[in-house]
Amino acid sequence: MLCNPPTGFFLRDERCQIDMNTRVAENMREPIQLLYLAGLVKSLGYEVALHDYSFPRYTLDDVCKDIEAFKPEWFYMETTQGTFTPDLEFMASLRQKGYNMKFLLKAPFVDRDYLQEKLLMRPFFKDISCYFITRDAEDTLKEVLAKGREGILSSVFYWHNGEIEVFDHTIDQAHKRFKLDDYPIPPRELLNKFDYVRPDTGEPIAYIYTAKGCPYPCVFCSAPVYLGKTINMRSVESVIAEIENCVHEHGINNFFFRSDTFTFEKKWVLSFCAHILDKGLVIRWGTNSRVDKIDREMVEAMKKAGCDIIGFGVESGSDRILEHIKKVITTAQIKAAHRCVKEAGIKSFFHTIIGFPWDTHETIKETQRFLLQESPDFIEVNVPYPLRGTELFAIAKEHGLFISDDLEAYSHVKPILRTFTLTPEEVSRYRKQILRSFYLRPHYIFSKLCSIKNPKVFINYMKWGVAFLGKLRRA
Ligand code: SF4
């Protein structure tokens, strides 16, 4: 049985660990890791159950009913830095209810000391045995299911009898083994597709892996740390087969192609777009890109193949901050990429972060001015939430920038860091101010409403606007 636990409306998507209650312009995504793992487990001859209990409508009782009906031998769940304690308590409650399945937890942010501190603090945890997987779960899951404890390859902590056993932690070893093409088609019939919909049209949307891992050195990002510094690409044919399955078997025509940088290999992108057209697939899709890894030819091919939105991790409108965070891009490159995308008629989504250690009043105002000038279709403004293992976590520790040790009490909208010159309260105020100044511009609202042709989309925009105002008030 694979699940996301009912411990919060939380996105548990590897490097994107986000409290969805705080999101301004996004909806809940399919639990993509669980889906692919479910396919893998099924292909090994196991019966598999898959449950996303992240939605607020689920409780522990729902989980218990499903466990009693399915009687799993193994229980796998994804945990995050922001939900680790409630997730451990959830697991302990299941054990206290007498369920004695074996637990596997994906927890890429833990190291031995952190685990020990978390587990030893809780006496009721002594009787639980659990595997903590700290890197890609595919190989570990395959081997553990086939051979049990002897099958563990690497990157695993085993908690048993109040002690931690460490298995070799070498990420690249695991990476070389598992090929994304080895994923069977994920069993989407195990989820309710209407739980995962586009924010504008309300139509079901599928999330499909095209690659994993990233070679860039961005100090705040966990992708190179948790998923590897080399890009593990999936073949075009394999991705197309999954799209066809979604279209023909599940009636899903909207997609988000999930990779750390979708446009990393131009040849791959052009071939992918050509395949979509050759197969006659009429789909609408979005993806993400680095601003220095996209050009006019790619963007035009993507548009022809149905791409209607591209997300860019622009992070900051200040070149000084971009340099400090090792993003390896400039504001000039952001502008150039944005121009290509706009000219091709594709919507743009800028993901930004304010409150980096080096941010000042001036750099944050620079970011605000930059966003207003560029005026992408959507923005998200986050504050840094350093994940354990990242360079930013180490920098913040070294300079005493954490305002608390309680990582779970903070988030991407509630700053846990002060900068060298700003307080967390000042950063929070700037966040609200930027969002308000961006989304509440009369011209922006007017042009968005004028661009809507479909009444359903109009209603969804109105609902989204009301939710946005509520979130802003609570932020
Ligand atoms: S480019 Fe930077 S932010 Fe984007 S996935 Fe790679 S390391 Fe992370």
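Residue indices begin at 1 and follow the sequence shown. Numbering of ligands and ligand atoms starts at 1, following listing order.
Under 2.8 Å from atom 2 (Fe) of ligand 1, one finds the following protein N/O/S atoms: Cys218 SG.
At distances below 3.5 Å, at least one donor-acceptor pair connects side-chain atoms of Thr367 with backbone N or O atoms of Thr363.
Partner Ile434 forms a side chain to side chain contact (heavy atoms under 4.5 Å, CB included) with one of Gln368, Arg429, Lys365 and no other, that one being Gln368. Of the candidates Asp13, Thr287, Asn288, Thr210, Asp13 is the only one forming a side-chain hydrogen bond (donor to acceptor under 3.5 Å, both in side chains) with Arg258.
Between Tyr430 and Val383 the shortest side-chain heavy-atom distance does not fall below 4.5 Å.
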Would you check, one step at a time, whether the test salt bridge (charged side-chain N to carboxylate O under 4.0 Å, His left out) holds for Arg188 with Glu242? CA-CA 11 Å; Arg188 286 197 159 76; Glu242 189 176 340; 2.8 Å; yes
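Residues Phe109 and Tyr226 place their aromatic rings such that the two centres sit no closer than 6.0 Å.
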